[in-house]
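Residue numbers run from 1 in the order of the sequence given. Because the structure is a prediction, the values reported are computed rather than measured.
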Amino acid sequence: MWLKMIKIDFFKVLADHNPDAITLDGLDNAIIGISYDGKVVYSAEKIIQELMVMNQWSRVLAQEWADFNTFHKGYGEHSPVICHMVEDM
C-alpha cells in the first residue's frame with residue numbers, strides 16, 4: 001500500500017514540477033528521482049534489471065536493447081536522464 005502511495009505522490013510531484021516530462025513505459029521501478037530541471041532520472045542498472053524480468057531476457061540482451069533503444073535515444077527537451085550509479089560500475 002505505501003509503495004503505491006509513493007508512486008502516486010511521485011507522479012503528482014512530477015506533474016507539478018514538469019508536466020511535459022517524458023517517462024519510459026513500463027520502467028517506473030527504475031526511476032530514482034527528478035532532476036533540478038524537472039526531468040525523470042532513471043537508474044541504468046534498474047532499467048536493465050526490469051527489462052530482464054519483463055521480457056525474460058538475458059543480461060546481455062537486455063543491455064544491448066537498452067543501449068540501442070533507451071540509453072542513446074534523444075527524446076527532446078524533456079528527455080529522461082539515465083544515470084549510471086557509481087556502485088553499479
Got a sec, which residues hit side chain to side chain donor-acceptor pair (under 3.5 Å) with Asp37, two or more places apart in sequence or on another chain?
Ser35

Looking at residues at least two apart in the chain, or sitting in another chain, which of them share a side-chain contact (heavy atoms from CB on, under 4.5 Å) with [X]?
{"X": "His17", "answer": "Ile34"}
{"X": "Ile32", "answer": "Val41, Ser43, Lys46, Cys83, Met85"}
{"X": "Thr23", "answer": "Phe11, Leu14, Val40, Tyr42"}
{"X": "Asp20", "answer": "Asn18, His78"}

For residues 70-82, which residue pairs pass the salt bridge (charged side-chain N to carboxylate O under 4.0 Å, His left out) check, not counting sequence neighbours?
none

Which residue pairs pass the salt bridge (charged side-chain N to carboxylate O under 4.0 Å, His left out) test when at least one of the two sits in residues 50-69, sequence neighbours left out?
Glu45-Arg59

With Phe71 via ring pair (Phe, Tyr, Trp, His ring centres under 6.0 Å) - residues at least two apart
His84

Which heavy atom of [X] sits nearest to which heavy atom of [Y], and what is that distance?
{"X": "Gly38", "Y": "Ala21", "value": "O-CB, 3.5 Å"}
{"X": "Ala62", "Y": "Met52", "value": "CB-CG, 3.5 Å"}
{"X": "Ile82", "Y": "Ala44", "value": "CG2-CB, 3.8 Å"}
{"X": "Pro80", "Y": "Leu24", "value": "CG-CD2, 3.9 Å"}

Could you state the interatomic distance from CE (Met54) to CD1 (Ile47), rounded to the nearest 0.5 Å?
10.5 Å

To the nearest 0.5 Å, tell me how far Leu51 CG sits from Leu27 CG.
5.5 Å

Take Val53 and Ile48 through the test side chain to side chain contact (heavy atoms under 4.5 Å, CB included) and record every step on the way to the result.
CA-CA 9 Å; Val53 171; Ile48 293 166; over 6 Å; no

Please list all pairs passing the ring-ring contact (aromatic ring centres under 6.0 Å, His included) test where one or both residues lie in residues 43-64, with sequence neighbours left out.
Trp57-Trp65

